Structure formats: structure tokens, C-alpha cells
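See below for the structure under consideration.
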Amino acid sequence: CGGFRQGAGRSLTSSRRMEGESKLVREVEELRARTAQMEKTLRWWSDCTANWRDKWTKVRVERNKAVEEAREMRREADKLELERDRVREQNERLRMDVRELRLRLGEDHGRN
């Protein structure tokens, strides 16, 4: 009778061991699947971050270019304002010269 129990015990132990091993195998497979999914997610975030970095780099370059163009236009506008003011002063001097010449011509005509 004792021998029968011993044999049954071995079979039970062996069955439990196989169940335990199979449970471990399933857990390892689940962990591998979760790890693979996490790696995919990590790659996706990495790619997403790289894309945003590239886009913002391009935007920053465009913004800096626009700022520099605006500065250059401001410098050009300042030069044009100075030129305009110079031409206005010259025009005013010439008008005064013309008035003075007309006055002289009028005086000269009055004497003759």
C-alpha cells in the first residue's frame, strides 16, 4: 500500500513541477511580449521626439532668418529716411536760392 502512495506522490510532484514550469514559461512569454511592446512604444516616442526636434529646428532657423531680414529692412529704411531728410533739406535750400535769385532779378529789372 505504501508503494502505491509513493508512486502516486512522484506522479503528483512531477505533475506539479510541470505545471510550475509551464506557468513560468507563460510568464516569461508574457514578459517578453510586454517588453517588446514597451520597446516599440519607446521607439515610437523616440521617433516622435526626433521629428518634433527637427520641425522646431526648421522653425527656429526660419524665425531667425525672418528676424535678420526684418533687421536688414529696418537698416535700409533708416538709410532711406536719412536720404529723404537730406534731399528735403537740399530742396529747401534750393527753393530759398530760387527765391533769392527771383528777388535779385526783380530788383535788377526795377533798376533798368
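Note that the structure is predicted; figures quoted are calculated from it, not measured.
Leu105 CG to Arg102 CZ: the interatomic distance, rounded to the nearest 0.5 Å, is 9.5 Å. Atoms CG and OG1, from Leu42 and Thr35 in turn, are 12.0 Å apart once rounded to the nearest 0.5 Å. Atom CG in Asp78 sits 9.5 Å away from atom CD in Glu76 (nearest 0.5 Å). Here the CD atom belonging to Gln90 is positioned 5.5 Å from the CG atom belonging to Leu94, to the nearest 0.5 angstrom. Going from atom CZ of Arg53 over to atom OG of Ser46 covers 7.5 Å, rounded to the nearest 0.5 Å. Taken from CD in Glu69 to CE in Met73, the straight-line distance is 8.0 Å, to the nearest 0.5 Å.
Electrostatic pairing of Arg43 and Asp47 does not count as a salt bridge here, judged by no charged N lying under 4.0 Å from a carboxylate O. With salt bridges taken as basic N to acidic carboxylate O contacts below 4.0 Å, none links Glu72 and Lys65. Between Glu83 and Arg86 there is a salt bridge, since at least one side-chain N of the basic residue sits less than 4.0 Å from a carboxylate O of the acidic one. Ionic pairing of Arg34 and Glu27 is not present here: no N-O contact between side-chain nitrogen and carboxylate oxygen is shorter than 4.0 angstrom.
Under the 4.5 Å side-chain heavy-atom criterion for ILVMFWY residues, a single connected hydrophobic cluster contains both Trp52 and Val59.
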_Could you walk me through whether Arg88 and Glu92 satisfy the salt bridge (charged side-chain N to carboxylate O under 4.0 Å, His left out) test, starting with their C-alpha distance in whole Å, then the side-chain angles of each, then the deciding distance to 0.1 Å, before giving a yes or no?_
CA-CA 6 Å; Arg88 281 182 178 170; Glu92 188 58 35; over 6 Å; no

*Let me see the working for Lys55 and Glu62 under salt bridge (charged side-chain N to carboxylate O under 4.0 Å, His left out), right down to the final yes or no.*
CA-CA 11 Å; Lys55 287 178 185 179; Glu62 288 178 24; over 6 Å; no

*asked:* Run the side chain to side chain donor-acceptor pair (under 3.5 Å) test on Thr13 and Arg17 for me, step by step, so that the C-alpha distance in whole Å, both residues' side-chain angles and the decisive distance to 0.1 Å come before the verdict.
replied: CA-CA 6 Å; Thr13 305; Arg17 190 178 318 132; over 6 Å; no

*Verify side chain to side chain contact (heavy atoms under 4.5 Å, CB included) between Ser15 and Glu19, making sure each step is shown before the conclusion.*
CA-CA 6 Å; Ser15 166; Glu19 283 178 18; 3.8 Å; yes

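Around CZ of Arg32, the count of heavy atoms belonging to other residues, nucleotides or ligands within 6.0 Å does not exceed 12.
For the pair Arg74 and Arg71, the minimum side-chain heavy-atom distance is 4.5 Å or more.
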